[in-house]
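Whatever order the structure lists them in is the order used to number ligands and atoms, beginning at 1.
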Amino acid sequence: MNSHRLTSYRYQEANPCVPLTKMSLGGIVSQQNPSVRSKKTVDTGYAIPPFRLLEEEEIPRIKRFLPDNRYDYVYAATTSGKRARTVEQSDSEDDTPRPEKRPKISSEARKSPKKYKRVKVPSRFKRIQGRFALLQPLVTSIPLEIVYEIFCHLDPRALLTLARTSKDFRKILMSKSSENIWRTARENFEGGLPPRPSDLNEPQFAHLIFDLYCHVCNQPWRCDNILWRFRLRCCRNCEKSFPLYQWSNLYAILYPFTSFDILPKEKVKGITGKNREDIVYNGQVALKFKAQFIAFQSEEERLAWVTRKRTECKEIEQHARQSEAWHQAKLNQRSIELCDLRDQRLQAILTRLGTIGWRSEAEFIIFGLSALKQPHEFLNLQSVKMPKKLTEHGWISIQSELVNWLSEHSIARLEQVRLEIRQKQFHRLKREYLDILAQHDLRNPYPGVGDILTDQTLQVMVWDTDMEGGLTAAFLRSTLLEQLPRILRDWRSSSIQELVQIVRKARRHASHSDLDLAVTIFGCASCRALMVYPQVFYHQCCFHNCAEDDFIHDRMQTIDKLYHRNGNGPWSARTIFFHSRSSRFAEKLVIGAGLDPATATASDLTAARPVIEHTNLSAEASPARIFVNWQAALSYHELTPDDSSFVINRFGEDTSKIRAHETLNMYANVICCVHCHKALKPHELLLHLQSIHNMEATPVVITATEFYGLFRGHWYWNPREELNIIGMEFLCR
Ligand SMILES: [Zn+2]
Ligand SMILES: [Zn+2]
Ligand SMILES: [Zn+2]
């Protein structure tokens, strides 16, 4: 038998037994009570529309196992094309019209779903009209008893399939006399089945258990959800279309029938809330119950019927529970089997990959060692996860896809390894440069890390070397020291010129020497920091720039996507401006300190150590008077630009008394040692000089007066810190 053909036939058959009318499950309700939920129209799988009896020709050829709680009758076609009733009706209580004629199904409908087109009958069998030739002798030339005997050895799935292959088989298998065949098949089924409920006949029961598609929408994919009380296989989507079991609605629809407790009900998730369970009923069955109820002549008959139905309902419930347990066990067993199958397939695939040299790449991913792909990405590849034994043919069909996938990963992984080496090298280069900077006098401007990382020569060296382990720190340091003079030569003059241009906007004839003056104050437009000349070269905001060269910019982004935001961009005075107001105030401070604004540098101003009182602060915030150094005076002035709040050097004989109150409590490394350029806190200076430079100093503790006087030649303000940080204030009562 051609199994492919039978498969395709199965889905073809799925449609004929299906309903000709499109209707809504909830629609029954909605037609009478529009307020009730009814949206989705689905193919219900029922042959009985809600408000009319079916026309004869509307009833499909095999009225297949209707899920409406009755032992159905089955029709088979006669050879003349007319239908004859071959099986007597069972204990069915209703009298649905019998079909006469197979409804015409348009060629379009036959084709659907497109995926399952009918397979052409091979030419050598075409002589035998419309039959599957190989099966034909079974029914034409073998005695019927033997055929029955053979059928008894098949399982219910095979019987279902057979019944759909030809009229002759259908005729045999759908006759009442074949019941034994079905029963034997059911009882012989490996693993056992739940008992057949009395309201389903054998083929109906086999259909419920073995036709693994949704019996409502008939979509050809597997459906593992059975609504046992409705006698339906039903996908999660379709089950939401059943109407909610609510008394008020039921009453409106079914009155005078009111014994709603005898209606079969199911719990369905996801109708009124994602994880909520609602009780639904089957609209078709409910209407049928109503019709039957009304049809009785007397109250006694009705009562007897309801009592009988109530008993049936209990039986259905009991059977449903039993069946659910069986089904769940079956599903569990199946999932274990699938797992085993997948595992076997994976092992087979790995073995095959091993023979062509790709196993280690696959295992690299499976063991979670890859930074680029998660194990499940490989395991979930369609060709890997399908629960099917790997055959030679199967391997050939998936081999190239798998190898392509793995080789793409391999290329990306090597690229990743290369990138990591580069990142490591850039990081080492940065660390070495910062270390070199720490040993230099930064009062002469030095380029920032970004200028080094984006330097053409250094970048080519770091980028193009991807040997394992990367370039060593020692090698990078010696290369840096070798290249630094060249970089400094190019960088310094252009950067200084950039600053001179900024000053020239305010002072037309400014030159390089103007930068050093105490009256040249720069501001940062981005963070409002105040700076003097060398500080501008180390200000964080000045490194938030992209490399000018696009090529270098792309490489830098590969190393660090946000290098420009992280302060690893090249230096630029983009945010720096000449702060005229602060410069004017600085001039007052210089004059107040008795210096000449035209020549006094920032260092001169520090050495002059003017005593500055901030009168506004003392008046409001503190009972004591507040004094500030010149850096703090500029910072306060920037916040509230009022020159009259500052009194400069007008304290006469109190001056030395006030100066004695000055402290050196600063928590940032605001100074540098002149001898080794190490950044320090002011109060650490003495110990540093004694321990590192073996200096014999007389004082035990260093005071501000000694700091500015005696030790003046041993430190300078750290250019990495802005004026705001260096600013210092002290109280004097
Ligand atoms: Zn469905
Ligand atoms: Zn700034
Ligand atoms: Zn030192």
Side-chain angles (χ1 to χ4, degrees), residues 11 14-15 18-19 22-26 40-46 67 113 208 211-227 230 232-242 266 268 270 280 282 438-442 448 499 502 521-532 535-545 564-565 567 569 571-579 582 635 638 669 671-682 684-695 697 702 711 713-716 718 720-725:
Y11 295 118
N15 287 331
V18 186
K22 284 261 176 190
M23 55 171 288
S24 160
L25 289 172
K40 203 176 155 197
T41 299
V42 290
D43 241 348
T44 57
Y46 304 116
L208 178 62
D211 278 338
L212 302 177
Y213 55 92
C214 169
H215 299 170
V216 177
C217 63
N218 289 303
Q219 294 296 339
W221 36 82
R222 190 184 170 103
C223 167
D224 277 328
N225 185 37
I226 305 180
L227 301 179
F230 292 176
L232 262 186
R233 228 170 236 278
C234 178
C235 68
R236 296 289 176 197
N237 243 352
C238 292
E239 71 174 8
K240 291 180 200 158
S241 315
F242 286 101
E266 286 280 0
V268 167
V280 296
N282 187 329
Q439 297 166 18
H440 278 75
D441 184 349
L442 299 189
L499 278 187
I502 289 172
I521 307 293
F522 296 98
C524 172
S526 175
C527 69
R528 289 188 73 181
L530 287 181
M531 288 160 279
V532 290
Q535 293 168 345
V536 176
F537 291 103
Y538 311 104
H539 181 58
Q540 264 307 306
C541 303
C542 295
F543 300 106
H544 291 180
N545 305 303
H564 50 290
R565 300 256 180 91
W571 183 88
S572 132
R574 200 166 43 86
T575 63
I576 302 299
F577 64 96
F578 178 77
H579 206 300
S582 291
S635 303
E638 211 273 329
N669 293 329
I671 61 165
C672 293
C673 166
V674 160
H675 314 290
C676 66
H677 308 292
K678 185 175 166 43
L680 301 163
K681 298 177 182 72
E684 293 171 343
L685 181 65
L686 181 63
L687 189 66
H688 174 82
L689 292 174
Q690 285 171 335
S691 60
I692 305 293
H693 303 296
N694 300 320
M695 209 177 109
I702 195 167
F711 290 91
H714 296 288
W715 64 270
Y716 58 91
N718 184 354
R720 295 181 195 86
E721 306 293 352
E722 296 89 18
L723 293 180
N724 319 49
I725 307 291

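A distance-only check finds a donor-acceptor pair linking the side chain of Arg574 to the backbone of His544 [under 3.5 Å].
Within a radius of less than 2.8 Å around the Zn ion (ligand 2), the protein N, O or S atoms are Cys524 SG, Cys527 SG, His539 NE2, Cys541 SG.
Taking CG of Asn282 as the start and CG of Leu227 as the end, the distance is 9.0 Å to the nearest 0.5 Å. Residue Cys235 holds its SG atom at 13.0 Å from OH of Tyr213, rounded to the nearest 0.5 Å. Atom CG of residue Leu499 and atom CE of residue Met531 lie 9.5 Å apart, to the nearest 0.5 angstrom. Atoms CZ and NE2, on Phe522 and His579 in that order, are 12.0 Å from each other to the nearest 0.5 Å. Note that the CG atom of Asn694 and the CG atom of Leu689 stand 10.5 Å from one another [nearest 0.5 Å].
Within a 6.0 Å sphere centred on NZ of Lys678, other residues, nucleotides and ligands contribute 12 heavy atoms or fewer.
No hydrogens or angles considered: nothing links the side chains of His677 and His440 as a donor-acceptor pair under 3.5 Å. Judged purely by distance below 3.5 Å, without hydrogens or angles, the side chains of Asn225 and Arg233 never pair a donor atom with an acceptor atom.
When SG of Cys235 and SG of Cys214 are joined through the Zn ion (ligand 1), the resulting angle is 110° to the nearest 10°.
Among the atoms of His215, no N, O or S atom falls under 2.8 Å of the Zn ion (ligand 1). Using a cut-off of 2.8 Å, one finds that Cys217 contributes an N/O/S atom close to the Zn ion (ligand 1).
Here the side chains of Phe578 and Ile521 are not in contact, with every heavy-atom distance at 4.5 Å or above.
Using cut-offs of 30° and 60° on the angle between ring planes, the pair His714 and His675 is tilted.
Around the Zn ion (ligand 3), protein N, O or S atoms at less than 2.8 Å number 4.
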